[in-house]
Amino acid sequence: MKDRIARLILDAARTAFDKGQLPSATFEEVVIETPKHQQHGDFATNFALVSAKAQKMAPRKIAEILVANLADHDGIFAAVEIAGPGFINFHLRPEAWYPVLDEIHDRKLEYGASDLGQGRKVQVEFVSSNPTGPLHVGHGRGAAVGDAVANLLAFCGYDVQKEYYINDSGRQIRTLGLSVWLRGAELAGEQVDFPEDCYQGDYIRDIAGQLRELKGDQLFRQQTDEAVMECARFATDQIISGIRNDLERFGVVFDQWFSEQSLYDSGEYERIVSQLEQEGVIYRKDDALWFRTSSFGDEKDRVVVRANGQPTYFASDIAYHRNKFERGFETVIDVWGADHHGYIPRLTAAVEAMGYRREQFKVILVQLVNLLRGGKPVAMSTRAGQFVTLADVIDEVGTDAARFIFLTRDTSSPLDFDLELAKQKSNDNPVYYVQYVHARICSIMAKAAERGIDTPRPAGGGGLQLDTPEEIALIKTLARYPEAVATAAERMEPHRVTFFLMDLAARFHAYYNKHRVLTEDRQLTLSRLHLVEAVKLVIHNGLNLLGVSAPTKM
RNA sequence: GCGCCUGUAGCUCAGCUGGAUAGAGCAACGGACUUCUAAUCCGUAGGUCGCAGGUUCGAGUCCUGCCAGGCGUACCA
């Protein structure tokens, strides 16, 4: 609709120029916006204002000329008026909106999908929690955000891959192995001194128990490197499968699980480091290997391989990101916890040093989650092994509520997650508010079917009787959906979809309370069913993108 | 010290990359269920958009400085 109006304005400008009413033929881009206030019409443009300079004419005067030359052949405008300093406001006739409903019925759950990405390959890597313990609430937010962003991009025509990076190498894995071994030895009756820097959680003991059942006490008699590494491998596998299971329950399925260790095993890591060393991007100093990140915008150079020969995390991240680009992804998106933000300049520098554009690497920073119960903070300490896991949250409040709440805020602001509130099936809980719309409409449909009202599509726009303010407001909201989705995808801000859905839900509930869908008037009833079915489709559509279900009953 | 994020109604937050009179929800107060699901709706009240400058026709939005909170600033992960 915006494009259509923009074209009309541009045509009017050209006509005016041909007639000699406007002095310049170079026109600014026509931007059509939806005003905040209903009195300012359905659409408005500041075109006259921005053209004032080029046309050397007062904005209002330009606006008058444009309006006089406007050729509204289809009669979509009820009124066009000039307001304020030179805004042109467009009021549409109700019927002008009807085609939106047809489009929704045609495309169903594809309404709003677009070709914005033109099939470009994009990878979204998220969660990627270390396989040293179960996922907690914070990971849940990252999972919800990453998954929704990936869904949005796919919906907008990108070729998207979801990936989980497993940090199955390095010291924390050894520590994990040691922790399990010690607990195993304990279970085997040995006296052990469990160090503080080992993993404290109960799950370590469980894993040790399982391993002991499999292998017997033999493994825990002597603390050899081999025994510890066996424990590490077993524990990693156990934990990863637990994580995978939690994520599946949370509705997140990855296309690929990528092992850090594989970068070393395949020799890929070696290859890249030596190549970068040849290029002079990596150099040796004080027995360590350094990356010249400061030449690419980082505040100082960073260590890649420590003096003791151990590679840092940064080392494998360099190799990993190179690997991503070599797999053909045009854009690589990482979802990180906000506490890692200091890492961005470093990795961006590395990406650029390897010959890619910095815009090809994007990081979504997700702020922390404060877990509350009834308004009071829930104590969480990873050190002491006491934390509320994602699995606990799913058990207590369910996947739908958790995912939706995680997406009710911009990722850059911290989120209070109140377990009590999340469980509440009330006003305070926006998930149910939105889902309720879907359930209500399903109920109307069922009732309609019961009364033998088949729901054939009312013929064309002509037959529709939708003219109450609530109905028009609903259709206008539905019309905004494609733009909301596109903006959410472009800016990687899934919360826009959430807010859109809450807005649409509010308008539906208002409508529902004021008007009956099933009436004595057959034509009116069919029209309203047509509208309400479209609302149902868009709610379902949006919830799909967020990874939240659309229940038919509540 | 430096860097990133945040600061909007009593509380929790939106604000569509600069538009017109700043919006929701909760909490408060007053109303609406013999009707298609009240997990809903309608109404009232609530604001120096942290503070001070600047940019321009126009700033919650952009630039600078300051204040407050969070996070980070390793040859940790």
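Atom set for the values below is all heavy atoms of this structure, side chains included, hydrogens, waters and symmetry mates excluded. Chain identifiers are assigned alphabetically (A, B, ...) following the order of the sequence lines, protein sequences preceding nucleic acid strands; residue numbering begins at 1 within each chain. Just so it is clear, the structure is predicted and the values come from calculations on it, not from any experiment.
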Does A:Glu420 have more than 12 heavy atoms from other residues, nucleotides or ligands lying within 6.0 Å of its CD? yes
Side-chain N or O of A:Arg440 versus OP1/OP2 of B:rC41: is the shortest distance under 4.0 Å? no
Below 30° counts as parallel, above 60° as perpendicular, anything between as tilted: where do the rings of A:His495 and A:Phe499 land? perpendicular
B:rC11 C1' sits how many Å from A:Asp418 CG, rounded? 13 Å
Reckon A:His509 touches a base, only the sugar-phosphate, or nothing at all at heavy-atom distances under 4.0 Å? sugar-phosphate
Remember a base hit wins even if backbone is also touched, and classify A:Ala83 as base, sugar-phosphate or nothing at under 4.0 Å, heavy atoms. base
B:rC16 and B:rC63, which share atom name P, separated by this distance in whole Å: 15 Å
Do the side-chain N or O atoms of A:Arg302 get closer than 4.0 angstrom to the phosphate oxygens (OP1, OP2) of B:rA74? no
Report yes if at least one side-chain N or O of A:Tyr512 is closer than 4.0 Å to OP1 or OP2 of B:rA39; otherwise report no. no
Base, sugar-phosphate alone, or nothing: which one does A:Lys300 contact when heavy atoms must sit under 4.0 Å apart? sugar-phosphate
Full working for side-chain hydrogen bond (donor to acceptor under 3.5 Å, both in side chains) between A:Gln172 and A:Thr132: CA-CA 7 Å; A:Gln172 89 277 5; A:Thr132 53; over 6 Å; no
Is B:rU73 paired to anything, Watson-Crick or G-U wobble with both distances less than 3.5 Å, and if yes, which nucleotide? B:rG1
For atom CD of A:Gln367 and atom P of B:rC71, their distance in whole Å: 10 Å
Using OP1 and OP2 only, check whether a side-chain N or O of A:Arg346 sits under 4.0 Å from B:rU73. no
B:rA9 to B:rC76 separation - C1' atoms, rounded to the nearest Å: 44 Å
Does any nucleotide pair with B:rG47 by Watson-Crick or G-U wobble geometry, both distances under 3.5 Å, and what is it? none
Is the shortest side-chain N/O distance from A:Ser413 to OP1 or OP2 of B:rA14 below 4.0 Å? yes
Roughly how many Å is it from CZ in A:Arg507 to P in B:rG25, rounded to a whole number? 11 Å
Atom CG of A:Leu415 and atom C1' of B:rC5 are separated, to the nearest Å, by 15 Å
Would you measure the distance from the P atom in B:rC4 across to the matching atom in B:rU12 and give it in whole Å? 26 Å
Grab the CD1-C1' distance between A:Ile344 and B:rU73 for me, whole Å please. 14 Å
Give A:Ala44 one of three labels, base, sugar-phosphate or nothing, depending on what nucleic acid heavy atoms sit under 4.0 Å from its own. base
Between B:rA39, B:rU12, B:rU73, which one does the side chain of A:Asp416 approach most closely? B:rU12
Between P on B:rC36 and CG on A:Leu524, what's the gap in Å once rounded to a whole number? 17 Å
Among the nucleotides B:rC5, B:rC71, B:rA77, whichever has the atom closest to the side chain of A:Asp339 is B:rC71
Taking only side-chain nitrogens and oxygens of A:Arg516, does any of them come within less than 4.0 Å of OP1 or OP2 of B:rU35? no
Watson-Crick or G-U wobble partner for B:rG53, using a 3.5 Å limit on both distances? B:rC63
Gap between atoms CZ and C1', on A:Phe500 and B:rC13 respectively (whole Å): 19 Å
Under 4.0 Å between a side-chain N or O of A:Tyr436 and OP1 or OP2 of B:rA39? yes
Do A:Phe406 and A:Val145 touch side chain to side chain, with heavy atoms closer than 4.5 Å? no
Taking the six-membered ring for Trp and the single ring otherwise, decide whether the centroids of A:His40 and A:Phe87 are under 6.0 Å apart. no
Sugar-phosphate, base or nothing in reach of A:Lys553, heavy atoms under 4.0 Å: base
A:Ile239 vs A:Asn130 side-chain heavy atoms within contact, under 4.5 Å: no
Looking for any heavy atom pair under 4.0 Å, which part of the strands does A:Gln310 touch: base, sugar-phosphate only, or nothing? nothing
Could you tell me the separation between the CG atom of A:Asp410 and the P atom of B:rU8, rounded to a whole number of Å? 15 Å
Roughly how far apart, to the nearest Å, are B:rG60 and B:rC66 at atom P? 23 Å
A:Arg440 to A:Tyr512, cation-pi by 6.0 Å centre distance and 45° axis angle: yes
Nearest to the side chain of A:Ile444 - B:rC36, B:rC76, B:rA20? B:rC36
With a 3.5 Å cut-off and heavy atoms only, can you find an N or O donor on one side and an acceptor on the other between the side chain of A:His341 and the base of B:rG3? yes
From the candidates B:rG19, B:rC16, B:rC75, the one with an atom nearest any side-chain atom of A:Glu33 is B:rG19
Scanning all shown strands, the Watson-Crick or wobble mate of B:rA24 with both distances under 3.5 Å is B:rU12
Rounded to whole angstrom, note down the C1' distance from B:rA59 over to B:rG19. 10 Å
Parallel, tilted or perpendicular, as decided by the 30° and 60° cut-offs, for the rings of A:Tyr165 and A:Tyr320: parallel
Quick check on A:Arg358: does its CZ atom have over 12 non-hydrogen neighbours (other residues, nucleotides or ligands) under 6.0 Å away? yes
With a 4.0 Å cut-off on heavy atoms, is A:Asn167 in touch with a base, just the backbone sugar-phosphate, or nothing at all? nothing
Indicate, with a heavy-atom threshold strictly under 4.0 Å, whether A:His515 touches base, sugar-phosphate, or nothing. base
When the P atoms of B:rA27 and B:rA39 are considered, how many whole Å apart are they? 15 Å
Checking all strands, does A:Pro345 fall into the base, sugar-phosphate, or nothing category for heavy-atom contacts under 4.0 angstrom? nothing
When the C1' atoms of B:rG25 and B:rA14 are considered, how many whole Å apart are they? 10 Å
Counting only heavy atoms not in A:Glu359, do more than 12 fall under 6.0 Å of its CD? yes
Hey, is the side chain of A:His495 poking within less than 4.0 Å of OP1 or OP2 on B:rG15, counting only N and O atoms? yes
Give A:Thr132 one of three labels, base, sugar-phosphate or nothing, depending on what nucleic acid heavy atoms sit under 4.0 Å from its own. nothing
Under 4.0 angstrom, heavy atoms only, what part of the nucleic acid is A:Arg496 near: base, sugar-phosphate, or nothing? sugar-phosphate
Is any N or O donor-acceptor pair between the side chain of A:Asn89 and the base of B:rA20 shorter than 3.5 Å? yes
By nearest atom, which of the nucleotides B:rA14, B:rA77, B:rU12 is closest to the A:Arg409 side chain? B:rU12
Could you tell me whether the side chain of A:Asn46 has a donor or acceptor atom within less than 3.5 Å of a complementary atom in the base of B:rG19? yes
By the rule that syn is within 90° of 0, classify the base conformation of B:rC11 as syn or anti. anti
Name the closest nucleotide to the A:Ala510 side chain, picking from B:rC36, B:rC41, B:rA20. B:rC41
If I pick the C1' atom on B:rC62 and the same atom on B:rU55, what distance separates them, to the nearest angstrom? 8 Å
Tell me the partner of B:rC41, counting only Watson-Crick (N1-N3 plus N6-O4 or O6-N4) or G-U wobble (N1-O2 and O6-N3) with both under 3.5 Å; none if nothing fits. B:rG31
Is the phosphate of B:rC75, meaning OP1 or OP2, less than 4.0 Å from a side-chain N or O of A:Thr312? no
With a 4.0 Å cut-off on heavy atoms, is A:Leu49 in touch with a base, just the backbone sugar-phosphate, or nothing at all? base
